[in-house]
Amino acid sequence: MQRTGASDKTADNEFDEEYTRFKTLEKKAEKLSKETKGYLDSIRGMTGAQMRIAQTIEQFYDDRNPMGPAGTEYKRVVEKLDTETKTELDAAFRATTMEPFGRFCSYFPEVNEAVKRRQKKLLDYDTARSKVRKLIDKPSEDPQRLPFAEQEANMAREMYENINSILINDLPKVVELRVPYLDPSFEALIKCQMQFAQTSYEQLEGIRHQFPPEDDNDRRIDDILQQMRGLSICGNF
């Protein structure tokens, strides 16, 4: 801790360094909390879109169409995936990932409030020291003013140094706790993603046998497109 220039402004490089590290953590953690919520919203959006697609596709088929059963089964599968996402994945993801990240971020406002209190005590201290310096440079006719000002400056210094020491001691601990705190949630995030992907694959794989081989599918598409190009309405009139 040192004075800078002649303005009685206190500089504390150690605090500045730790506070910068904390603000970096705060920014990254809040972004992570926001992105995890966005991930869950995206999964919900995707399963909802799948369900709407399935409902529309089903309307293209009837019982006479060979692909009718596949359309019906696809609708059943994606509706099940949508329900499981809302009931199982949603709850697990919230409990193991979103809520822990949110609780971690909830402590940041308290730290910032402590920093604001430190800043106020620092301002009080610098103001008291400036008053003492002015009385030394230009003595007052009242001999008691300087001792009283010095006493006030000492009290302000003690109050500032107390909260400053607490922050310098605790800020690194907050930063270091990020790893053991976030590790379990990160692991849970990966497991939730794996479970969703695996369940989706297994459910959709179960209806693949109802579709023709890929080579046959490509030929069928080419045949249909060729027939469409031959229609008068498609530009041949």
Side-chain angles (χ1 to χ4, degrees), residues 1-41 91 93-190:
M1 186 168 59
Q2 61 186 23
R3 291 175 57 182
T4 59
S7 61
D8 293 295
K9 185 177 180 180
T10 302
D12 191 329
N13 293 331
E14 185 178 8
F15 170 81
D16 291 342
E17 180 180 350
E18 297 300 341
Y19 185 56
T20 298
R21 292 180 65 209
F22 165 75
K23 294 303 287 185
T24 299
L25 169 65
E26 180 184 33
K27 181 179 179 180
K28 291 180 179 180
E30 288 180 344
K31 181 179 180 181
L32 181 61
S33 180
K34 179 181 178 180
E35 294 300 336
T36 53
K37 181 181 182 301
Y39 171 78
L40 185 58
D41 290 342
F93 191 80
R94 284 180 176 277
T96 62
T97 303
M98 285 179 59
E99 290 178 3
F101 285 164
R103 286 196 299 271
F104 187 69
C105 292
S106 70
Y107 290 104
F108 296 153
E110 296 181 22
V111 176
N112 286 316
E113 282 300 316
V115 172
K116 289 180 181 179
R117 291 196 296 272
R118 172 197 176 274
Q119 186 62 30
K120 184 179 183 304
K121 297 302 180 185
L122 175 59
L123 181 62
D124 293 342
Y125 175 41
D126 287 343
T127 299
R129 288 198 302 118
S130 178
K131 185 177 181 180
V132 170
R133 181 173 60 79
K134 289 178 180 178
L135 286 172
I136 292 176
D137 294 341
K138 188 177 180 180
S140 171
E141 294 180 358
D142 183 356
Q144 297 300 318
R145 289 191 63 186
L146 179 58
F148 183 73
E150 290 175 333
Q151 183 180 6
E152 285 187 328
N154 287 333
M155 291 177 60
R157 175 180 57 78
E158 290 177 2
M159 295 177 69
Y160 161 69
E161 289 182 347
N162 180 56
I163 191 171
N164 191 59
S165 296
I166 292 174
L167 284 168
I168 289 176
N169 182 64
D170 286 354
L171 283 175
K173 295 179 182 178
V174 174
V175 173
E176 294 304 319
L177 282 172
R178 75 193 187 282
V179 175
Y181 186 91
L182 297 180
D183 275 359
S185 293
F186 177 52
E187 180 180 354
L189 168 66
I190 299 300

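Taken to the nearest 0.5 Å, the CE atom of Met155 stands 11.0 Å off from the CG atom of Asp124. Separation of atoms CD (Glu14) and CG (Leu167) is listed at 11.5 Å; rounding is to 0.5 Å. For the atom pair CD of Glu35 and CG of Leu189, the computed distance is 11.5 Å after rounding to the nearest 0.5 Å. Atom CZ of residue Arg157 and atom CG of residue Asn164 lie 12.5 Å apart, to the nearest 0.5 angstrom. To the nearest 0.5 Å, atom CZ of residue Phe22 and atom OG1 of residue Thr24 are 10.0 Å apart. To the nearest 0.5 Å, atoms CD (Glu26) and OH (Tyr107) are separated by 15.0 Å.
The environment of Arg145 atom CZ is sparse: at most 12 non-hydrogen atoms of other residues, nucleotides or ligands sit within 6.0 angstrom.
Residues Leu25 and Val174 share a closest heavy-atom pair of CD2-O, 3.8 Å. In terms of heavy atoms, Leu135 sits closest to Ala149 at CD1-CB, 3.6 Å. Here the closest non-hydrogen pair linking Pro109 and Cys105 is CD-O, 3.5 Å.
Within the structure, side chain to side chain donor-acceptor pair (under 3.5 Å) contacts touching residues 165-187 (residues at least two apart or in different chains) are Arg21-Glu176, Glu187-Lys191.
Residues passing the side-chain hydrogen bond (donor to acceptor under 3.5 Å, both in side chains) test with Glu158, sequence neighbours excluded: none. Under the salt bridge (Lys or Arg N to Asp or Glu O under 4.0 Å) criterion, Lys37 pairs with Asp41, not counting sequence neighbours. Residues that satisfy the side chain to side chain contact (heavy atoms under 4.5 Å, CB included) test with Glu141, not counting sequence neighbours, are absent from this structure. Residues passing the side chain to side chain contact (heavy atoms under 4.5 Å, CB included) test with Arg94 are Leu40, Arg44, Asp90, Met98, Glu99, sequence neighbours excluded. Under the salt bridge (Lys or Arg N to Asp or Glu O under 4.0 Å) criterion, Lys31 pairs with no residue, sequence neighbours left out.
Considering Lys120, Gln119, Glu113 as possible partners of Lys116, the one that fulfils the side chain to side chain contact (heavy atoms under 4.5 Å, CB included) test is Glu113.
In this structure, the side chains of Tyr160 and Asp126 stay at 4.5 Å or more apart for every pair of heavy atoms. Residues Leu122 and Asp12 fail the side-chain proximity criterion, which asks for heavy atoms closer than 4.5 Å.
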Handout entry: Test log, rule side-chain contact (heavy atoms from CB on, under 4.5 Å), inputs Leu171 and Phe15
Key = CA-CA 9 Å; Leu171 283 175; Phe15 170 81; 4.0 Å; yes

Exercise for the section: For Asn112 and Tyr19, run side-chain contact (heavy atoms from CB on, under 4.5 Å): C-alpha distance rounded to whole Å, both residues' side-chain angles, the deciding distance at 0.1 Å, then the answer. Expected result: CA-CA 10 Å; Asn112 286 316; Tyr19 185 56; 3.7 Å; yes

Practice task
Decide yes or no on side-chain contact (heavy atoms from CB on, under 4.5 Å) for Leu32 and Phe186, but give the supporting numbers first.
Solution key: CA-CA 11 Å; Leu32 181 61; Phe186 177 52; over 6 Å; no

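A cation-pi geometry, defined here as NZ or CZ lying under 6.0 Å from the six-membered ring centre and within 45° of its normal, holds between Arg129 and Tyr125.
Using a distance-only test at 3.5 Å, with no hydrogens or angles considered, no donor-acceptor pair links the side chain of Ser33 to the main chain of Ala29. The backbone N or O of Thr127 sits nowhere less than 3.5 Å from a side-chain atom of Ser130 that would complete a donor-acceptor pair.
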